[in-house]
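The next block holds one structure in the form of structure tokens; read it before the comments.
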Amino acid sequence: MKQFIREDLQNIKPYSSARDEFSGEAAIWLDANENSLVTEYNRYPDPLQRKLKAKVAEIKSINVENLFIGNGSDEVLDLLLRLICKPFQDTIAFFDPSYGMYEVLARINGLSIKRIPLNEQFEPDWSKLVELITGTRVFIICNPNNPTGNLFSREEIGSVLRAYEGVVIIDEAYIDFNDQPSMSELINDFPNLIVVQTLSKAYGMAGLRVGMAIANVEWISALNTIKPPYNVSSLVQETALALLDSTDWKTIIPTIISERKRVSEVLKKQIGVLEVFPSEANFILFRVADVNKLYRYLADAGVVVRNRSTQTNCADTLRVTIGTEAENNRFLTLLKQFYNDEAKSIIY
Ligand SMILES: Cc1ncc(COP(=O)(O)O)c(C=O)c1O
């Protein structure tokens, strides 16, 4: 696995914080230049987020040694690219369309980009994929994909993992909204596999910024050597832990999934909606007549969706996130009103 790490970072000595150098109990802490005159949040957080990690590992049914936590999965992806790729030399590959941050992170890290086109149903040509990504250092697969909502086949991804000489990062931000097991099951079979997940979506903590990498222990230790020492604040660690303990995820996630199914069925019957793409995530991409006018109409009525029309193969599409039942109903009612009004204006 060491061959996947940037050569100049392979033997880097990590920053050693006060909390790394002394981790036992003490009556008086005078080692980290903190402010003892203040009593709340005056101490640096646990750099390795041990309590939060134990809970996340339990929920995700993984070993705690295979878990790295970052300030949102955007930070985790950034650290991974920095760890693996040589600036101004390496190229990363990802599907087009996919999550827009991959391009931004490539640019920030001085990396070239290879876009792998998806067809009109948002599938790649799997038979040519390995050939297309050969020579790139990292291949990021967003599964399920954003903004399209579709899941890629585990078998096809498995073939890529076996044949590709670079690192495969699978971004599973939306994996909890479907029945497909996480590819994190395979981290000890493939040294070139890293799975990235987040508490921002199914676990509703986008505001807290908790993302994670799930990988073999060597990857976790490499990430720990390059991360900012206190990348997840005490407040976030405590709050995320309390929410994971107290929220009824077993009800919330299935409710979002059943709302997605309902909204999708209503959309399919709506005049003016030309295509509804199957979704395994907490959003639906759909194609409509008069996309810009509809977008404005919804926004003027206070309902903001995402116009994805400029993305490859996404002409005339909107992406709607699944909200509460009442929010979804308001969105569907406005959509109906819009096309009823449009129809009237054509007739008279
Ligand atoms: C595919 C994908 N990956 C990662 C992220 C970022 O998640 P986080 O909030 O953990 O940074 C998003 C957010 O929209 C996303 O859609």
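Just follow the structure's listing: the first ligand is 1, and inside any ligand the first atom is 1.
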Checklist line | CD (E21) with more than 12 external heavy atoms under 6.0 Å | finding: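 Correct, the count exceeds 12.
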
Item checked: Atom CD of E40: over 12 foreign heavy atoms under 6.0 Å ->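 Result for CD/E40: open.
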
To check your reading of the model: name the closest protein heavy atom to [atom], its residue, and the distance in Å.
atom	answer
atom 14 (O) of ligand 1	K201 NZ, 2.7 Å
atom 7 (O) of ligand 1	S73 OG, 3.0 Å
atom 11 (O) of ligand 1	R209 NH2, 2.6 Å

Notebook entry, point to check: Looking at the rings of F68 and W219, which for Trp means the six-membered one, are their centres under 6.0 Å apart?
Noted result: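 No; W219 has its ring centre 6.0 Å or more from that of F68.
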
Note to self: For F139 and F95, I'd like to know if the aromatic rings sit close, meaning centre-to-centre distance below 6.0 Å.
What the structure shows: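 When the ring centroids of F139 and F95 are compared, they turn out to be within the sub-6.0 Å range.
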
Notebook entry, point to check: Of the options Y174, F331, F177, which is the one that meets F283 in a ring-ring contact (aromatic ring centres under 6.0 Å, His included)?
Noted result: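 One option only clears the test, and that one is Y174.
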
Enumerated ligand 1 atoms positioned under 4.0 Å from heavy atoms of [X]:
X	value
A173	1 (C), 2 (C), 3 (N)
G72	10 (O), 11 (O)
C142	1 (C)

Item checked: Nearest candidate to atom 2 (C) of ligand 1, where distance is taken over non-hydrogen atoms, out of V76, D171, N146 ->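 Residue with the shortest heavy-atom distance to the ligand atom: D171.
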
Margin query: I'd like to know if A206 contacts ligand 1, where contact means a heavy-atom distance under 4.0 Å to any ligand atom.
Written below: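 A206: no contact with ligand 1 (<4.0 Å).
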
Margin query: Are L83 and I92 linked, directly or through intermediate hydrophobic residues, by side-chain heavy-atom contacts shorter than 4.5 Å (ILVMFWY only)?
Written below: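 Yes, one cluster joins them.
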
Check: Any nitrogen or oxygen of S200, main chain or side chain, under 3.5 Å from a nitrogen or oxygen of ligand 1?
Finding: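 Such a contact does occur with ligand 1.
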
Check: CD of E123 to CG of L129: how many Å apart, nearest 0.5 Å?
Finding: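 So the gap between those two atoms works out to 11.0 Å.
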
